[in-house]
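Below is one structure, written out as structure tokens; the observations come after it.
Remember, it's 1-based here, ligands and their atoms both numbered in the order they're listed. Owing to the predicted nature of the structure, the values given are computational and were not obtained by experimental measurement. We count residues from 1, following the sequence as given.
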Amino acid sequence: MGKLYEKLTEYEKSDYYPYHMPGHKRNMEGRPFQEFYGIDITEIDGFDNLHQAEEVLLEVEKRANQMYRAEETFLLVNGSTCGILSAISAAVEMGGKILIARNCHRSVYHGAYIRNLEVQYVYPEVSEQFGIALGIHPKCLEEKLKEEKGIAAVVITSPTYEGVVSDVEEIAKIVHSYHIPLIVDEAHGAHLGFSENFPKNAIAAGADIVIHSLHKTLPSPTQTALLHVTGDLIDREKLKRYLSIYQSSSPSYPLMAGMELCLDMVEKEGAALFSNMLINWEKMLAELATCKALKILKKEDVLQAGMKDFDVGKLVISTADTGWSGQQLHQVLLEKYHLQMEMAADTFVLAMFTIMDKEEGYKRLTDALLELDAEIEKNLPKEKLDEYVIDKKLRLKTNCKITKAWNEPKEWVNLRKCEGRTAAGFINLYPPGIPVVVPGEIYNKEIIFNIENWHRKKLSVQGMNKRIEVPVIAE
Ligand SMILES: Cc1ncc(COP(=O)(O)O)c(C=O)c1O
């Protein structure tokens with residue numbers, strides 16, 4: 001199984017008495033979560049220390065490292081979030097300049113906030129048809145690097161939340177020609193590289209730092225993640241320093257053992273599990289191809305838009321032009337069929353599949369979608385609906401750095417009245433938490449229209465208060 005897990009369970013059975021933390025003292029017999037508490041220890045003798053791993057935890061890191069083939073790998077117990085913060089802090093000096101994809105997760109923006117960075121953006125391609133952001137085109141990134149001097153690092157997200165994979169290999173070549181590091185937030189791609197049917201992972205594609213949320217697409221507990229580093233563009237000592245700052249000083253042993261068990265399972269049973277997943281996945285896609293009203297995002301759609309690849313396991317179900325919003329479909333799937341989706345957006349719903357899904361999971365969603373599709377098709381609206389804006393007008397102008405804007409005195413102004421005002425807080429559509437408005441950006445008509453529209457459709461818009469006011473820099 002795994003040495004850490006075995007050591008922990010042996011220790012649980014031993015007669016060592018704990019005169020140490022945690023306060024539950026592993027004395028939770030007959031109470032809920034008993035098994036969890038039994039192996040929940042702190043850095044006692046023989047159990048190593050994550051912040052200076054030399055023994056059993058170093059072995060887990062080495063195992064992960066061998067499986068992912070990076071030069072060095074670190075276990076993360078505070079999610080990809082702490083890996084992203086550490087990577088940015090190690091790669092860019094305080095007050096420096098960073099180039100990020102505009103569809104990055106909010107943790108990337110938080111890194112820029114903490115380090116007072118000047119942020120430049122490269123914008124993802126968008127699919128008008130599906131109403132989603134795709135990945136980053138290498139040419140756009142190259143143009144931006146040519147145009148903007150003094151960039152110290154580049155951050156992109158690949159695969160995206162919806163599974164779109166950018167050409168990381170080409171992007172890495174371009175970024176390296178400027179002698180700066182490429183950080184890839186591969187939070188949604190911890191499974192990449194374990195089956196030849198999956199896209200290549202960003203480590204193999206040449207990125208300097210790659211961050212994986214093990215918990216997102218592999219059987220590992222929530223909050224567990226990995227950070228991989230390769231090459232000499234990143235100062236490893238600095239990276240370790242920031243990991244020790246952003247990670248808890250009391251890393252959870254059940255979480256670390258959970259990562260070890262996950263790696264063990266992928267290593268020993270992965271081939272069979274991934275191939276089984278693929279069979280179920282392909283079967284579901286073939287059945288859903290008969291849908292007449294709902295549209296399923298396909299690999300061809302992504303390739304046609306100039307993207308490198310499309311991941312397996314992300315089912316994007318578009319409701320565009322059906323008269324239904326993504327949120328409506330989400331609610332019906334939840335209430336009528338008891339199927340909980342990963343996310344509902346304005347024009348689509350996202351379901352995700354991993355090696356742990358049962359055949360039943362594929363079948364229940366397929367049957368429900370086919371039934372709903374027939375129902376929706378009967379009532380398709382006669383005219384084309386055009387309720388959302390997804391174009392260059394959503395590229396907001398920036399007035400000042402995130403750090404300044406978020407720290408400035410702010411006032412709350414009704415959303416409808418904030419055109420031309422500078423944001424003093426994030427507006428996020430959650431999940432996945434990609435900022436729609438970033439502190440320092442100036443509100444324009446189109447973004448106000450979209451936010452109002454999402455709010456009306458009951459999507460989860462974060463950062464606005466109940467009176468539909470948003471924070472802007474006080475005048
Ligand atoms: C693209 C992306 N990066 C990073 C994160 C943060 O990951 P974690 O929840 O593991 O901290 C998320 C979370 O949803 C994400 O979607």
Side-chain angles (χ1 to χ4, degrees), residues 64 68 73-89 91 98 100-114 121-124 132-136 153-166 168 171 182-192 199 201-203 207 209-228 242-243 245-248 251-252 255-256 258-259 262 307 310-311 313-314 316 341-345 348 350-352 354 426 428-436 438 459-460 462:
Y68 284 94
T73 295
F74 301 94
L75 302 181
L76 308 177
V77 290
N78 296 88
S80 283
T81 298
C82 74
I84 289 169
L85 296 177
S86 305
I88 291 175
S89 303
I98 192 166
I100 73 171
R102 185 60 181 81
N103 61 336
C104 277
H105 181 254
R106 61 189 165 148
S107 53
V108 173
Y109 294 84
H110 292 170
Y113 167 76
I114 292 170
Y121 296 118
V122 54
Y123 289 86
I132 67 165
L134 301 168
I136 298 298
V154 175
V155 187
I156 62 162
T157 301
S158 177
T160 61
Y161 196 52
E162 294 85 8
V164 180
V165 178
S166 298
V168 180
I171 289 174
L182 172 66
I183 299 165
V184 178
D185 174 357
E186 206 167 54
H188 293 278
H191 58 295
L192 302 190
N201 73 22
I203 304 166
I209 293 187
V210 178
I211 300 124
H212 284 139
S213 283
L214 272 189
H215 68 93
K216 290 195 196 297
T217 58
L218 288 176
S220 193
T222 298
Q223 280 191 216
T224 58
L226 297 172
L227 182 145
H228 313 274
Y242 285 110
L243 282 172
I245 293 171
Y246 295 127
Q247 291 234 74
S248 169
S252 157
L255 289 189
M256 294 188 282
M259 283 192 255
C262 165
M307 295 295 107
F310 187 46
D311 194 13
K314 294 293 177 85
V316 177
M341 298 298 103
E342 166 65 26
M343 173 213 196
F348 67 93
L350 174 67
M352 63 168 284
T354 75
F426 285 94
N428 298 323
L429 199 55
Y430 192 84
I434 296 168
V436 174
V438 174
L459 294 175
S460 170
Q462 294 180 334

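In terms of protein heavy-atom proximity, atom 14 (O) of ligand 1 is nearest to Lys216 NZ, 3.0 Å. Protein heavy atom in closest approach to atom 1 (C) of ligand 1: Asp185 OD2, 3.4 Å. Regarding atom 16 (O) of ligand 1, its nearest protein heavy-atom neighbour is His188 NE2, 2.7 Å. Of all protein heavy atoms, the one lying nearest to atom 8 (P) of ligand 1 is Ser80 N, 3.4 Å.
Close approach to Ile84 involves these atoms of ligand 1, each under 4.0 Å from a residue heavy atom: 4 (C). Below 4.0 Å from some heavy atom of Thr157 lie the following atoms of ligand 1, by number and element: 1 (C). Interface atoms of ligand 1 facing Ser213, defined by a heavy-atom separation under 4.0 Å, are 7 (O), 8 (P), 10 (O).
Checked by atom type and distance alone, the side chain of Arg102 pairs as donor or acceptor with a backbone atom of Val436 at under 3.5 Å.
When the side chain to side chain contact (heavy atoms under 4.5 Å, CB included) test is applied to Pro431, the partners found at least two apart in sequence or on another chain are Tyr161, Met343.
Ring planes of Tyr121 and Tyr109: tilted class, angle from 30 to 60°.
Under the 6.0 Å cut-off for aromatic ring centres, Tyr246 and His110 do not qualify, their centroids lying 6.0 Å or more apart. Between Phe74 and His228, a ring centre-to-centre spacing not shorter than 6.0 Å is recorded.
Contacts of Ala187 with ligand 1, taken as heavy-atom pairs under 4.0 Å, involve the side chain alone. The proximity of Thr160 to ligand 1, defined as any non-hydrogen pair under 4.0 Å, does not occur for either the backbone or the side chain. Heavy atoms of Thr81 found under 4.0 angstrom from ligand 1 belong to the backbone as well as the side chain.
Distance OG1/Thr354 to NE2/His215: 13.0 Å, rounded to 0.5 Å.
Under the 4.0 angstrom criterion for non-hydrogen atoms, His215 is in contact with ligand 1. Heavy atoms of Thr222 stay at 4.0 angstrom or farther from ligand 1.
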| said: Show, in sequence, the C-alpha distance, side-chain angles and deciding distance for Ser213 and Ser80, and conclude whether the side chain to side chain donor-acceptor pair (under 3.5 Å) test is met. | reply: CA-CA 5 Å; Ser213 283; Ser80 283; 2.6 Å; yes
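The side-chain contact (heavy atoms from CB on, under 4.5 Å) with Leu76 is formed by just one residue from the set Met256, Gln247, Met259; it is Gln247.
Residue Tyr161 has no nitrogen or oxygen atom sitting less than 3.5 Å from a nitrogen or oxygen atom of ligand 1, judged on distance alone.
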Return a table of donor-acceptor pairs under 3.5 angstrom between the side chains of residues 219-226 and protein atoms on other chains or two or more places apart.
unit_1: Ser220; atom_1: OG; unit_2: Thr224; atom_2: OG1; d: 2.8
unit_1: Gln223; atom_1: NE2; unit_2: Val77; atom_2: O; d: 3.0
unit_1: Thr224; atom_1: OG1; unit_2: Pro221; atom_2: O; d: 2.6

